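Note that these values count all heavy atoms, side chains included, but never hydrogens, waters or copies made by symmetry. Keep in mind it's a predicted model, so treat the numbers as computed, not measured.
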Amino acid sequence: MYGDCNLVRRLRIAIDIDDVLAENTIGFVAFSNERWGTRLSVDDYSEHWSEMWHVDSEEAERRAHVFHDSGAIKGYAHIGGAEEALRNMSQVHHLMVATSRRLQVQSDTLLWIEEHFPGIFASSAVYFSGLWDTVHEGSHKLTKTELITQINADVLIDDQLKHCLAVSESGRNAILFGDYTWNRADSLSDRVVRCHSWSEVEVEIERIANS
């Protein structure tokens, strides 16, 4: 797909995990419905868990700790087509993971990545923004755009519209992954392109690399 690799610009590509690499919402909704008797569907999902569950922030935080301690994310399936696309892209480009997951699940996350995408990402290329973490001494708390700037990524692949738009405003390219209820938009900025599948992502990355 990439033709003569020597003629293609080598990109630093940052990739989100949840609902980009991992079937997060499906797994999360299933856990919530079983553990707390909710009746959530995938379309009900929101990253603002207090609003989604209709509970106060204290109860949402308690549930969040239960969920993250459960090891549920280790059982997530990966999104179809991702491994093949990433292996192809890794022949030319430098791939990194940029996630807003809590550091509480860092170990489970690294194990999951190595199980589903063995040899594609170095552990040193998996970055946690700490966006949802409680701030304490030694912790960090970055927006996704701040993290992308810090690791000097050329492109972000993410399912959250707000992250893609913010990254594009910083002069970088962003790929908005999937067609989810939480990322629909009437229009996108010039530097943001929606891709519905990993095969579409490959095509867009080639376009950016050759532009």
Side-chain ([X]) to main-chain ([Y]) donor-acceptor, under 3.5 angstrom:
X: T99; Y: D16; answer: no
X: D158; Y: C164; answer: no
X: D44; Y: S41; answer: yes

Within the structure provided, determine whether [X] and [Y] are in side-chain contact (heavy-atom separation under 4.5 Å).
X: D69; Y: Q104; result: yes
X: E47; Y: W182; result: no
X: D18; Y: Y76; result: yes
X: F67; Y: W49; result: yes
X: H116; Y: E83; result: no
X: V167; Y: R191; result: no
X: F177; Y: N183; result: no
X: L95; Y: F121; result: yes

Gap separating the [atom1] atom of [X] from the [atom2] atom of [Y], nearest 0.5 angstrom:
X: I175; Y: C195; atom1: CD1; atom2: SG; value: 4.5 Å
X: I120; Y: M89; atom1: CD1; atom2: CE; value: 9.5 Å
X: H48; Y: S57; atom1: NE2; atom2: OG; value: 13.5 Å
X: L147; Y: M96; atom1: CG; atom2: CE; value: 8.5 Å
X: T143; Y: I148; atom1: OG1; atom2: CD1; value: 9.0 Å
X: L156; Y: T145; atom1: CG; atom2: OG1; value: 8.0 Å

For residues [X] and [Y]: do they belong to one hydrophobic cluster (side chain heavy atoms under 4.5 Å, members Ile, Leu, Val, Met, Phe, Trp, Tyr)?
X: I157; Y: Y180; answer: yes
X: L111; Y: I17; answer: no
X: F128; Y: I113; answer: yes
X: L176; Y: I79; answer: no
X: V203; Y: V193; answer: no

(request) Scan V92, L11, D154, N210 and name whichever one has a side chain to side chain contact (heavy atoms under 4.5 Å, CB included) with I205. (result) L11
Please name the pair of heavy atoms, one in [X] and one in [Y], separated by the smallest distance, quoted to 0.1 Å.
X: I208; Y: S211; value: O-OG, 2.7 Å
X: S32; Y: W53; value: OG-NE1, 2.9 Å
X: T149; Y: R172; value: OG1-NH1, 3.7 Å
X: D108; Y: G71; value: OD2-CA, 3.9 Å
X: A98; Y: A14; value: CB-CB, 4.0 Å
X: R194; Y: A185; value: NH2-N, 3.6 Å

(message) Suppose we screen for salt bridge (Lys or Arg N to Asp or Glu O under 4.0 Å). Which residues come up paired with E114, at least two apart in sequence or across chains?
(response) none
(request) State which residues pass salt bridge (Lys or Arg N to Asp or Glu O under 4.0 Å) with R10; sequence neighbours excluded, sorted by chain then number. (result) none
(message) If we count only N and O atoms by modelled type, under 3.5 Å, do the side chains of S197 and S199 hold a donor and an acceptor together?
(response) yes
(request) With sequence neighbours excluded, tell me which residues meet ring pair (Phe, Tyr, Trp, His ring centres under 6.0 Å) with F117. (result) H78, W112
(request) Assess whether side-chain contact (heavy atoms from CB on, under 4.5 Å) is satisfied between F28 and V42, documenting all intermediate values. (result) CA-CA 9 Å; F28 179 87; V42 169; over 6 Å; no
(message) Holding to side-chain hydrogen bond (donor to acceptor under 3.5 Å, both in side chains), I want the full list of residues that pass it with S189, two or more places apart in sequence or in another chain.
(response) S168
(request) Please name all residues satisfying side-chain hydrogen bond (donor to acceptor under 3.5 Å, both in side chains) with R63, sequence neighbours left out, ordered by chain then number. (result) E59
(request) Mind checking side-chain contact (heavy atoms from CB on, under 4.5 Å) for T181 and listing every partner two or more places apart, or none if nothing turns up? (result) D43, R184
(request) Carefully, step by step, assess D19 and Q160 under the rule side chain to side chain donor-acceptor pair (under 3.5 Å). (result) CA-CA 9 Å; D19 297 303; Q160 289 291 339; over 6 Å; no
(request) Step through the shown structure and confirm whether more than 12 heavy atoms of other residues, nucleotides or ligands are within 6.0 Å of CD on E84. (result) no
(message) As a quick check of understanding, evaluate side-chain contact (heavy atoms from CB on, under 4.5 Å) for H65 and E61, giving each step before the final call.
(response) CA-CA 6 Å; H65 279 283; E61 184 64 18; 3.0 Å; yes
(message) Evaluate V155 against E204 for side-chain contact (heavy atoms from CB on, under 4.5 Å), listing each step before the verdict.
(response) CA-CA 11 Å; V155 185; E204 178 59 16; over 6 Å; no
(request) Begin from the C-alpha positions of F31 and L40 and carry the test side-chain contact (heavy atoms from CB on, under 4.5 Å) through to its verdict. (result) CA-CA 10 Å; F31 182 90; L40 298 174; over 6 Å; no
